[in-house]
Structure formats: C-alpha cells, structure tokens
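Beneath this line is the structure, given in structure tokens, with notes to follow.
Since the model is a prediction, treat every value here as computed from it, not as a measurement. Throughout, numbering of the chain's residues begins at 1 and tracks the sequence. Both ligands and their constituent atoms are indexed starting at 1 by order of listing.
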Amino acid sequence: MSKDASSQRMEKIVSLCKRRGFIFQSSEIYGGLNGFWDYGPLGAELKRNLRDTWWNAMMRERDDVVPLDASIILHPAVWKASGHVDTFSDPMVDCLLTKARFRADQVEPQSGTACHFTGAKAGDHASERAFSVLIRKGENIERARKVARTFYAEAFPAGTAPEAIELLGETLEEGIVNSKQFNPANGSLLTEPRPFNLMLRTHTGPIESDDNVAYLRPETAQAIFVQFKNIFDSNRVKVPFGIAQIGKAFRNEINPRNFTFRSREFEQMELEFFIRPDEAIALLYGSVAEWHEGADLSKPQPNWGWEMWHRYWVAQRTAYYDGIGLGTDVLDYYWQKPDELAHYARATVDILFKFAFGTEELEGIAARGDFDLRQHQKHSGKPLEVFDEELKAACAAMTEADREAFIDATFARRTNPDVTRGEVAAFCANLFKGNYLPHVIEPSAGLDRLALAVLSAAFDEESVTDDKGKSETRTVMRFHPRVAPVKVAVFPLLKNKPELVAQAREIVESLRRHMNVFYDESGAIGRRYRRQDEAGTPFCVTVDFDTVGENGPENAGTVTLRHRDSMKQERIAIADLKAWLLERIA
Ligand code: GAP
C-alpha cells in the first residue's frame, strides 16, 4: 500500500471510530487532552470482549495461571528496585526556536546544508550563543537567516524586531546527511538528547513533598512480582505457574501518536509465568530439553527450560491472535538481537501488527530470568525464594563429588563472566536444598493497541450494487464474531406492524442474557443493514410477514438471518437461533 493510501486508510478508520462511537478524544469539548482516549459504546464493548478473550485464554482455560488485581499506585521503592526510577526514560530533544519537544529517536533524519552562527547583536545588546539552521537542497540561505533572527530576538529586550538583528560569524557546512539534530518542521537546531523519565508522578496524602512522591504504575508487571510470595504462599500453586493481570498503566510519553497506538494512559494485559531455573531442571531430569525448529510446543513438558517455555508462549500468543481474527497475514515477529536486549533479558520477541502507519509492536514476550524477583528480594530484604520439595528429594541422593561436578559444570556455562565460582557454589548449595528464585517468561500485551489492531484489520470498503442497479461503497467492519461489539441486531421489517415488533422484541429478550443484542426498527431495512455493517455486527435477524405466518405456514416461526460478510440471507427457526449464534460467538 502506498504511503498516501495508508494514511488515507488510517484517516478513515479514525473518522469511523468517532462517527460510530468506538473511540473519542478525551475531554474533546475542552479541546482534547493529548495522549488520552475514551471508548464510546461500541468501543467499550469491543474492549471488554478483547479483555475477556485474553482473560479466558491466559487464565480461565488453564489450570496453571491465577489472577491478580493490584493497585495502580505502589510503594515508590518498588520503582526504585525495578529500575524504573533510574532508567525508565526516553531521550528527549527540544527545538531551540519553538521549544517543541520530540523523542530523539523519532526525529525524521534531515539532509542539506547547515548554516552556523556564532551569535548576534542588535543595538547595545549582543548574544554569543551559537545557533544553527539546516536548509534543504533548493532552499535559500535567507530562510536560515530569518529563522536565526527569530531565534536571537528572544535573547534581546522585548520588542526587538528580528530585522534589526545582525547575525555574526556565519559559516556554511555542506553535505549534512541524515542528521537528527535539526527540527524537520523549521530546520532549527535541536538540543542535545537528555533522558526524560516517563513515569507520571503524584503525591499521596495532603502534603506535596519529596517524601510522599508516588508514581502511577508504568506497567502492571511489578505488582505481580511484589505479590508473588503472597500468592505462592496463599494458593496451592507449584512452579511452573503464572500470575495474570489486566489493568491501567500510565506513561508520560513525549510524543503520543498514531491515534491510540502510543497513549499516556492505556491498559496492559500481562502474564508473569514462573518457571524453574534450568539448573533445577538439569538436577531433576538429567538434562534440559533443547529447542529446535519444529519442536513440539503443544503441551508443556517437565524437562522444559526457559527457551522451550519462551517458544511455547510465543506459539500460545500466536494461536490466541489467530482465534480473534489476527492471523499471520497481519502479524510479524521481531526477535531482538543480543545487543538490543535489556541487560536482564535472555530473549525477547516482539509480536508486530501491520498497522496502516507501519508494522509496530503489539506485544512483547520476554524471558526475564530471575531479575525482577532478585531485585525485589534485595531491595525489600524479604526472601522471595520458593521451596521445591521434588528438587530437594532429587538432590538428596547426590554424593559430594556429584555436587562438585555440578557446580563446576554450572560455573563453566555461566553467561556473566563476572560471576565467581564461590557465587555459583552458593547458588547450587541453595538448589540442592530445594530453594531458588523462579525465572520468568513475560507475555506483555497492550489492550488499546490490540483494539486498534482489531479495528484496523476489520476495516473494509467494498463496492456493491443495490436492487436498483446503483453502485455504492459499503463500509464494513469485519470483526471476528467473538470480539464484535454487537453480536446480533434484530429488526421488525416494519415498525408499524405490532405483531412484527412484538416478535422482534421477544427474540431480543430471549437472547440478551447470552450476548450483546441490538434492536432497531427505524429506516429502510437496507439502511439498517448498512448501519450494522459499520458497527461490525456479524449477524442481523429480520422478523417479517413469513415469520408471523402471513404468507402461509411453511416459514412461520422462522426469521431472515443476514450474514455481514457475504450479505447472504437464509431462513432459520427462531427456536434454533440462540444455539446457532452461541456456537459462532463462543
Ligand atoms: N512489563 C513489560 C512491559 O511493560 P512494554 O513493551 O513496555 O513492556 C508492553 O509494554 C505492551 O504495552 C506493549 O507491547 C504495548 O502493547 C503496550 N504499551 C506500551 N506502551 C504503550 C503506550 N504508550 N500506549 C499504548 N500501549 C502501550
């Protein structure tokens, strides 16, 4: 798709979202708030369905995952331990001319000639501040001088006209290629990048001081680590097991963009899946199952190490997306290279979706080792290790020589060269007693990004010809029935026929406890179908004269069932309708 076609498609999606009540800008009547969004009636239903599909797939349909619903504000020490206070930042640059703020890595590279100035003077006033402007091929140097005068005017007494400013020390530097040092909008020099912490700060209690600073959580994951031991101790769970959580997260993004894609408030769906360290698997089963192309990932096996578990979760998440209509035609995968990995991660794969504005991350699946639990154990001073009876029993029969050989082998395989043999020996001694910090595989998805992906994949326009031979564009949201906001719309053919209305209302009543049903009696039937096409309702049911037996007995008690995607119609008995629909939306 060309760039123009892609941006047109995106504009149409955004406009449909507003027109049909999927997504509105937050506080729109006050001019909106950048990076915040509200979900209208259809959007709220869509989001809820997506949330439910995740919750069911990741927790309810499994017996090795339990849920958590933690608070949004945690003790600030949590964010110090997790590394967010010190390192959760993006590089930020400011335009020296307009003060507009950008994420340094998102500045579009510019090429051309840089005009440098050492300073400027006007009357008795002088500035020795250096400034530069980039001019692109074909642009006049006068443009650079005009920008520079506007910049220096700020430094001089109010009212100094830019034209009265004399620029000093002008030099030209040709051959600037793909530089990110200049504002693409006006060519002005940008500041050097500096880190900008993305956590939204607030204060707890009545006094605003540094002592009661708190943060709105930038991810839901940390609460899971912090509550890990409570959950482990209060539930009959055994490693491997997971803790799942869905909830709001907040990031003070420098540049919220691409509709809801990068927002300041969003919802995450995260699973922390705790597994035995590979060393424990080796002690229990003699070796660790190695991943290879074509390995059977369908059912977890006791001898799986972190790599098999990581691959397993990638496969599980792929199957999940497929089950809600996002197949491998719209998804892609990015395996982070060793030098891109966070220092604690052993592997991370990003599941990407082909958005109209580019192929971007939908979910990250990281193998995080025991980093998080280790950090919280260290910072809180509370032991977070688990005791594994089976492991202790497996080690009981080991001789001293076996143990030394195991320590040697573990030391030889260490990935961190700074780790000493003594440290390895202490870790192994703990393992021999059945104690360890579990390792973690983390599939972390964004609900709002998923909603945007589902809206993008569903959006379609096709040319159709009506009964009178007139062609028109049909806009249709081809949601998978499982996630469609409305599952079925019910219409009486005519609103002034009480027997049709009564029958239609009766059908609505019989279905509404089982699914989201929409009743509509206004307008021509074709218009009603079109409205539901835009809402993405997969099925429409019309109660007509056949239904109430006016055209003979053979179709009495049946309704017209219209399929959104094919627009085909068929008759179905009212008595069969509920089961027929439930089978398709489950
Ligand atoms: N605990 C790991 C973690 O938070 P992340 O890659 O920063 O990892 C996970 O976030 C997911 O959360 C992303 O893949 C994305 O779907 C969603 N997400 C992150 N930042 C977001 C934002 N500013 N707006 C919308 N969704 C976001």
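- F353 and F355 have perpendicular rings, their planes meeting at more than 60° on a 0 to 90° scale where under 30° would count as parallel.
- The heavy atom nearest to atom 12 (O) of ligand 1, out of those in Q268, R257, E267, is found in Q268.
- No N or O atom of F266 sits closer than 3.5 Å to an N or O atom of ligand 1.
- Interface atoms of ligand 1 facing E442, defined by a heavy-atom separation under 4.0 Å, are 1 (N), 2 (C).
- Counting heavy atoms closer than 4.0 Å to ligand 1, residue R262 contributes atoms from both its backbone and its side chain.
- Atoms of ligand 1 found under 4.0 Å from any heavy atom of E270 (numbered from 1 in listed order, with element): 1 (N), 2 (C), 3 (C), 4 (O).
- Residue E361 approaches ligand 1 through these ligand atoms, each under 4.0 Å from one of its heavy atoms: 6 (O), 13 (C), 14 (O).
- By the side-chain contact (heavy atoms from CB on, under 4.5 Å) test, D372 pairs with Q222, F225, R368, sequence neighbours left out.
- Of all the atoms in ligand 1, the ones that sit under 4.0 Å from a non-hydrogen atom of S263 are 22 (C), 23 (N), 24 (N), 25 (C).
- We find that E462 and R478 are joined by a salt bridge, their nearest charged nitrogen and carboxylate oxygen being less than 4.0 Å apart.
- Taking all atoms of both residues into account, the shortest heavy-atom contact from W309 to P300 is CH2-CB, 3.3 Å.
- With contacts defined as side-chain heavy-atom distances shorter than 4.5 Å, the pair E290/E307 does not qualify.
- For ligand 1, the atoms lying closer than 4.0 Å to a non-hydrogen atom of F261 are 24 (N), 25 (C), 26 (N).
- Nearest protein heavy-atom contact of atom 17 (C) of ligand 1 is G446 CA, 3.7 Å.
- Counting only non-hydrogen atoms, the option in R449, R251, E219, E253 that gets closest to atom 7 (O) of ligand 1 is R251.
- With W37 as the partner, the ring pair (Phe, Tyr, Trp, His ring centres under 6.0 Å) test is satisfied by one option alone out of F259, F22, F24: F259.
- Checked for salt-bridge contact, D64 and R62 meet the test: a charged N lies under 4.0 Å from a carboxylate O.
- Under a 4.0 Å criterion applied to the non-hydrogen atoms of A221, ligand 1 contributes the atoms 1 (N).
- Remark: ligand 1 atoms within the under-4.0 Å shell around heavy atoms of E363 are 14 (O).
- Each of V330, L452, L331, D332 was scored for a side-chain contact (heavy atoms from CB on, under 4.5 Å) with L362, with one residue passing: L331.
- Ranking the protein heavy atoms by distance from atom 8 (O) of ligand 1 puts S444 OG, 3.8 Å first.
- Side chain to side chain, D448 and Y39 meet the donor-acceptor criterion of an N or O pair below 3.5 Å.
- Contacts of D448 with ligand 1, taken as heavy-atom pairs under 4.0 Å, are absent altogether.
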